[in-house]
J.: 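Could you have a look at this structure, given as structure tokens, before my questions?
As the structure is a computational prediction, the values presented were derived from the model and not from experiment. What you see below is based on every heavy atom in this structure, not just the backbone, and it leaves out hydrogens, waters and symmetry mates.
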Amino acid sequence: MRIGELARRVGVAPRLLRYYEEQGLLRPRRTSSGYREYGEADVDVVHHVRTLLAAGLSTTTIGELLPCMGADGERLIASCPELLDDLQRERDRLTAMIDELTGARDGLDAVIATAGPDDVPASSSGRS
């Protein structure tokens, strides 16, 4: 399939697929006229890349991890035991970021709590 069809199937712009190629995450075949050709496996690769990006990993990290990732249907699995240390390190990094953001939110909540009931805008009543 060509880049436009892959883009439609995975729900991303062709430009993003070219970026993934530049990062070494996708390796399409080229026709004699230079067109990119993708296979069914590339659909899964894009889905896996999107999953790992959503988990907060960089494309550089994904490029290092992807060769050691397998799949069980839609679910990614760690195929290489040495991969677990890297994944745990990424998870710890995300946890630290979450803790930092939670602390910042709690600080804002403390400042907001000092305002009187008439000072709080209606839009802040739905905070989580």
J.: Between V10 and Y38, is any pair of side-chain heavy atoms under 4.5 Å apart?
T.: no
J.: Hey, what do you get for OG1 (T95) to CZ (R93), rounding to the nearest 0.5 Å?
T.: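 Rounded to the nearest 0.5 Å, the OG1-CZ separation comes out at 10.0 Å.
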J.: Output a table of donor-acceptor pairs, distance under 3.5 Å, between side-chain atoms of residues 24-32 and any protein atom two or more places apart or on a different chain; print 'none' if there are none.
T.:
| from | atom 1 | to | atom 2 | distance (Å) |
| --- | --- | --- | --- | --- |
| R27 | NH1 | G24 | O | 3.1 |
| R27 | NH2 | G24 | O | 3.0 |
| R29 | NH2 | E37 | OE1 | 3.2 |
| R30 | NH1 | G34 | O | 2.7 |
| R30 | NH2 | E21 | OE2 | 3.3 |
| T31 | OG1 | S33 | N | 3.4 |
| T31 | OG1 | S33 | OG | 3.1 |
| T31 | OG1 | G34 | N | 3.4 |
| T31 | OG1 | Y35 | N | 3.0 |

J.: State whether the number of non-hydrogen atoms from other residues, nucleotides or ligands found under 6.0 Å of E100 atom CD is greater than 12.
T.: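 No, the 6.0 Å shell around CD holds no more than 12 heavy atoms from other groups.
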J.: Is there side-chain contact between E64 and T60, with at least one heavy-atom pair below 4.5 Å?
T.: yes
J.: Measuring from L84:CG to C68:SG, what's the distance to the nearest 0.5 Å?
T.: 10.0 Å
J.: Just how far is it from atom CG of L101 to atom CZ of R105, taken to the nearest 0.5 Å?
T.: 9.0 Å
J.: Could you tell me which non-hydrogen atom of T114 sits nearest to which non-hydrogen atom of V111, and how far apart they are?
T.: OG1-O, 2.5 Å
J.: Do L66 and L52 have side chains that approach each other closer than 4.5 Å (heavy atoms only, starting at C-beta)?
T.: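 They are in contact (side-chain heavy atoms under 4.5 Å apart), so the answer is yes.
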J.: Side-chain polar contacts of residues 40-49 - donor-acceptor pairs under 3.5 angstrom, sequence neighbours left out - could you list them?
T.:
| from | atom 1 | to | atom 2 | distance (Å) |
| --- | --- | --- | --- | --- |
| E40 | OE1 | R9 | NH2 | 2.9 |
| E40 | OE2 | R9 | NH1 | 2.7 |
| D42 | OD2 | G39 | N | 2.9 |
| H48 | ND1 | D44 | O | 3.4 |

J.: Look at the side-chain heavy atoms of Ile, Leu, Val, Met, Phe, Trp and Tyr, link any pair under 4.5 Å apart, and say whether I3 and Y19 land in one connected group.
T.: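 Linked, I3 and Y19 end up in one cluster.
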J.: Between A13 and A7, which heavy-atom pair has the shortest distance, and what is it?
T.: C-CB, 4.2 Å
J.: Thinking salt bridges, do R89 and D92 make one under a 4.0 Å N-O criterion?
T.: no
J.: Taking only residues two or more places apart in sequence or in another chain, which ones pass salt bridge (Lys or Arg N to Asp or Glu O under 4.0 Å) with R91?
T.: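 With neighbours one apart ignored, the set is empty.
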